[in-house]
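We name chains A, B, ... by the order of the sequence lines, and we start the count at 1 in each one.
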Amino acid sequence: MESSGENPASDPKPESVPDEDFGTLKYQLLGPSLTKAGQDSVDQQKVSEIIYNASRGSKFFKHEQDRDRNLTLKIERILKEKARLERLDLSSELRRADEYLAELESSRELSQHVIHVDCDAFFAAVEELDRPEFKTVPMAVGKGVLTTCNYLARKFGVRSGMASFVAKKLCPQLVLLPPNYDKYTAKAKEVRAIMAEYDPLFESASIDEAYLNITAYCDENHLEPDEVVQRMRAEILETTKVSVSAGIAANAKIAKIASNLNKPNGQFQVPNEREAIMKFMRDLSVRKVNGIGRVFERELESIGVKKCGDIYPHRALLTKLFGEKAFQFLAQCYLGLGRTKIEPVETHERKSVSTETTFHEIGDKEELRAKLWWAAQELEKDMARTHFKGRTLALKVKLHTFEVLTRQTAPSRAVFLAKDLYSFALPMLAKLEKDIPNIKLRLLGLRCSNLVSTQKVGINFFGVATQPKPATEPTSEPAPISTSDVNVYHEICAEEAFEAAARQEIQDEMNDLEQLSQETPDVHEPEASAAPPVVETPAMWDCPVCTRPQIADDRAFNEHVDFCLSRQTIREVVQDTSEETSSIPPNSRKRKLPSQAGIPEMDPKQKRLFFQ
DNA sequence: GCGGATCAC
DNA sequence: TATGGTGATCCGC
C-alpha cells in the first residue's frame with residue numbers, strides 16, 4: 001500500500017551538517033523498525049534530525065558512524081565487482097539462475113492457507129488494559145530502550161528499539177512504563193488459547209506473534225480464510241481485549257508481510273494464485289521481507305534492487321555478489337515462495353543458551369570478574385531450566401566503544417555449573433585484558449552451544465538426542481484437541497517451580513555479588529556464600545509520568561500517576577502530528593530530578609520464557 | 001571450528 | 001548523562 005516515506009536517502013542535506021554522506025548514517029540511526037506500521041504521517045526528516053542531534057558526539061554515534069563507513073566501503077567493492085562481472089560472459093550464470101527458478105516454480109504450493117497473527121503494540125496494549133488512562137497519551141514500555149510504544153507515541157516518531165532518552169526528545173510528554181513480562185506472558189497465553197482452536201499445531205514465533213495453518217479449519221467449517229480470520233480476530237478481541245492484525249496467504253513468508261499491511265486491528269489477504277502473488281511481490285520493497293534488514297537493503301539498493309520485482313533482472317549476478325544462500329533466498333522472494341509447514345516451536349531443536357548484561361563502563365579487573373561470576377550463575381540457571389550442558393562455551397564482551405568481541409572454547413567436558421562456566425570463561429577474559437590494554441567493557445555475556453541434553457528421559461543408549469517434546473499449552477483442559485502423534489508430556493510445572501525458585505535466589509545472588517566484589521573471587525572455583533541475610537530495601541516505584549520515586553503502595557501510586565497525567569496538557573497530544581514534531585521545545589517540562597541510583601526497580605528481572 | 005556480522009523480536 | 005537481551009544463521013577464513 002502506502003510505503004511512501006520510507007526511504008530518506010533522498011534527504012536534502014541540511015546546512016548545519018558538514019559535507020559528507022550523512023543520509024545513510026541518519027537512516028541507520030533511525031533504527032530497524034522504520035518499516036513498521038504507524039509511521040506514515042510522521043515527518044521522517046524532522047525525526048531524523050532530532051535523533052541525529054541527540055546522538056551526535058556519543059560513543060554510540062561514533063560506532064554507528066564507523067559501521068556506516070564500513071558498509072559504504074563494502075558497497076563500493078560490491079559495485080566494482082558488479083562492473084567486473086558485467087564485462088564477462090554471464091550466460092552460464094544466467095542459465096543456472098533460471099534453472100533454479102524453474103525448479104522452485106515447480107515446487108510452488110497453493111493449496112494451504114497460512115496466516116500470521118501479530119498483536120498490535122502488544123506490551124503497550126496490555127498495559128492499557130490495566131490503566132485505560134494511558135490509551136489517550138503517548139506511552140511506551142521499556143527501560144534504556146523501548147520495547148513497544150502505542151500508536152499515539154508513534155505519531156511523534158517514537159519507535160521500538162529507540163533509546164528512551166531519544167524518545168523523550170521526540171515526545172517530551174511520553175509516558176514510560178517499566179516492562180512487566182509476567183503480565184505479557186499471561187496475556188499471550190490467553191491469546192494462544194484462542195488460536196489453538198483454529199490450529200492446535202500453531203507456531204508461536206514470539207511472545208506476540210504466531211503462524212497458523214487454517215486449511216483444515218476452513219474445510220471443516222466450510223468457510224473462506226478471510227472469514228475465519230475475521231472470526232478469530234473478533235474472538236481474540238472479545239475475550240482477551242487485545243487487538244491483533246493478520247496476514248492471510250499461501251505461505252508463511254507472504255502471510256508475515258501481509259500482517260503488517262493493515263495494522264492495527266486489520267487483516268490483509270493475498271490470494272492463493274500465482275499471478276496475484278507475483279504481482280504482490282513485484283512492487284514490494286525488499287525491506288518488507290523478513291530476513292532483509294537495513295544492511296542488506298542498502299547493498300541491494302546499490303545494485304538497483306529496491307523491490308522484489310527487481311530481483312529477476314539481476315538474477316545472474318546475485319550468487320557472485322552475495323553468495324549462494326542469498327541468491328536462493330532472493331529467488332524465493334521474487335517468486336513469493338515460502339514454507340507452508342507450520343509446527344509448534346517445541347519441535348524445534350535449541351542450539352544455544354546464553355545470557356548477557358549491559359552495565360556502566362567497567363575497566364576494573366575485580367569488578368569484571370564479579371560480572372563474569374554473575375553471568376555464570378545466570379547461565380547455570382538457564383541451563384538448568386532448559387536441561388542442557390554445553391560442549392562449547394563462548395564469552396562475549398562489548399567494549400566501551402560498542403565494538404563487540406567473542407571468544408569461544410571447548411571445555412574438557414560439557415559444562416553447566418556456574419563454577420565451571422566461570423573457570424573456563426575466565427582465561428578468555430584474561431587474555432582479552434592482556435591483548436587489549438586498558439580494556440573497558442559495557443557488556444559481558446556467556447553462551448553455551450553444542451548442547452547436550454541432561455533430561456533423564458530423552459537420552460537413549462547412544463546418546464542421540466531423542467527429547468520428549470511438550471505438545472500443547474498446559475491448559476486446565478486435558479488435551480483439548482487430539483494431536484495424534486505428538487505426546488502430551490511435560491515438566492511445565494517443574495519449570496514454573498524453577499522459575500519461582502530462581503526469582504527467590506536473586507536477592508541471594510546480589511548478596512553474593514556484593515561479597516565477591518569485596519573479596520575477589522579466585523581464579524579457581526569461586527564459592528557461593530551461604531544463606532546471606534535479606535537486605536531490607538525501601539520499596540519505591542518510579543512514576544512513569546514524572547519519573548519521581550513514589551512509595552510502592554498500589555493505591556497511592558495509582559493516584560499519584562493519575563494526578564501527574566491530569567497535569568499533562570492533553571491537547572499536546574491531540575495535535576496534527578505531521579508538522580508538530582518540529583515544535584517540540586528544547587527543554588519543555590519541569591522534571592529534572594535527583595538521580596535514582598540505588599532505588600530498586602519496580603519489576604523483577606526481565607526473563608524471556610521461551611517455551612511457554 | 002572460530003569470530004564477525006546481520007537479523008528478528 | 002544516556003542506545004537491550006536471546007537466539008539463529010551465514011560468511012570468510
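Side chain of A/E356, nearest nucleotide from C/dT6, C/dT3, B/dC9: C/dT6. Checking B/dG4, C/dG5, B/dG3 against the side-chain heavy atoms of A/L405 singles out B/dG4 as nearest. Here the side chain of A/F165 is nearest to one of C/dT3, B/dG1, B/dG4, namely C/dT3. Nearest to the side-chain atoms of A/A410 among the listed nucleotides C/dT6, B/dC2, C/dG4 stands B/dC2.
Among the heavy atoms of the strands lying under 4.0 Å from A/L443 are primed sugar atoms or P, OP1, OP2 only; no base atom is included. A/E209 comes within contact range of the sugar-phosphate backbone alone, with a heavy-atom separation under 4.0 Å but no base atom that close. Residue A/S164 is classed as having no contact, given no heavy-atom separation below 4.0 Å to the nucleic acid. Across all strands, A/R447 comes closer than 4.0 Å to no nucleic acid atom at all (heavy-atom distances). Here A/S55 lies in heavy-atom contact (under 4.0 Å) with a base.
Residues satisfying the side chain to side chain contact (heavy atoms under 4.5 Å, CB included) criterion with A/E81, sequence neighbours excluded, are A/R84, A/L85, A/L321. Judged as a side chain to side chain contact (heavy atoms under 4.5 Å, CB included), and not counting sequence neighbours, the contacts of A/T240 are A/K187, A/E190, A/V191, A/I194, A/I236, A/V242. By the side chain to side chain contact (heavy atoms under 4.5 Å, CB included) test, A/A140 is found to be paired with A/L146, A/C149, A/L174, A/L176, residues two or more places apart in sequence or in another chain being considered. Applying the side chain to side chain contact (heavy atoms under 4.5 Å, CB included) test to A/A210 and every residue at least two apart in sequence or in another chain returns A/M195, A/F202, A/L212. Residues passing the ring-ring contact (aromatic ring centres under 6.0 Å, His included) test with A/F416, sequence neighbours excluded: none.
Of the C1' atoms belonging to C/dG4 and B/dC7, the separation is 15 Å, rounded to the nearest Å.
For the pair A/K288 NZ and B/dA8 C1', the interatomic distance rounds to 16 Å; values are reported in whole Å. Distance A/F123 CZ to C/dG4 P: 17 Å, rounded to the nearest Å. For the pair A/K256 NZ and B/dA8 C1', the computed distance is 8 Å after rounding to whole Å. Spacing between atom CZ of A/F359 and atom P of C/dT3 amounts to 12 Å, rounded to whole angstrom units. What separates CZ of A/F388 from P of C/dG7 is a distance of 11 Å, to the nearest Å. The nearest whole Å value for the distance from the CE atom in A/M162 to the C1' atom in B/dC9 is 17 Å. The distance between atom CG of A/L432 and atom P of B/dG3, rounded to the nearest whole Å, is 10 Å. Atom NZ in A/K263 sits roughly 11 Å away from atom P in B/dC9 (whole-Å rounding).
Remark: A/S352 is in phosphate contact with C/dA8, judged by side-chain N or O atoms under 4.0 Å from OP1 or OP2. Listed pair A/R442 / C/dG4 meets the phosphate criterion, a side-chain N or O lying under 4.0 Å from OP1 or OP2. Phosphate contact (OP1/OP2 of B/dG4, side-chain N/O of A/T406, threshold under 4.0 Å): present. At the phosphate of C/dT6, neither OP1 nor OP2 sits under 4.0 Å from any side-chain N or O atom of A/R350.
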Report all interatomic pairs (protein N or O, nucleotide N or O of nucleotides 9-13 of chain C) with separations under 3.5 Å.
residue: C/dT9; atom: OP2; partner: A/K351; partner atom: NZ; Å: 3.0

Distances under 3.5 Å between protein N/O atoms and the N/O atoms of nucleotides 5-7 of chain B, please, pair by pair.
residue: B/dC7; atom: OP1; partner: A/G293; partner atom: N; Å: 3.0
residue: B/dC7; atom: OP1; partner: A/F296; partner atom: N; Å: 2.9
residue: B/dC7; atom: OP2; partner: A/V295; partner atom: N; Å: 3.1

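Sequence neighbours left out, the pairs with a member in residues 314-327 of chain A that pass salt bridge (charged side-chain N to carboxylate O under 4.0 Å, His left out) are A/E93-A/K320, A/R96-A/E324, A/D98-A/R315.
Salt bridge status for A/D120 with A/R233: absent, with no side-chain N to carboxylate O gap under 4.0 Å. Of the charged side-chain nitrogens involved, none lies within less than 4.0 Å of a carboxylate oxygen, so that A/E297 and A/R294 do not count as a salt-bridged pair.
Taking both residues in full, the closest heavy atoms of A/K389 and A/T454 are given as CG-CG2, 3.3 Å, listed atom of the first, atom of the second, then distance.
Residues A/R56 and A/N53 bring a donor and an acceptor atom of their side chains to less than 3.5 Å of each other.
Remark: the A/T358 side chain and the C/dT3 base include no donor-acceptor N/O pair separated by less than 3.5 Å.
Toward the 5′ end of DNA chain C lies the nearest nucleotide of A/F402, the other residue of the pair A/F402 and A/V353 mapping further downstream.
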Acceptor/donor pairs from residues 392-405 of chain A side chains to any protein atom, 3.5 angstrom cut, sequence neighbours excluded:
residue: A/T392; atom: OG1; partner: A/N450; partner atom: ND2; Å: 2.9
residue: A/K396; atom: NZ; partner: A/E356; partner atom: OE1; Å: 3.2
residue: A/T401; atom: OG1; partner: A/E403; partner atom: N; Å: 3.4

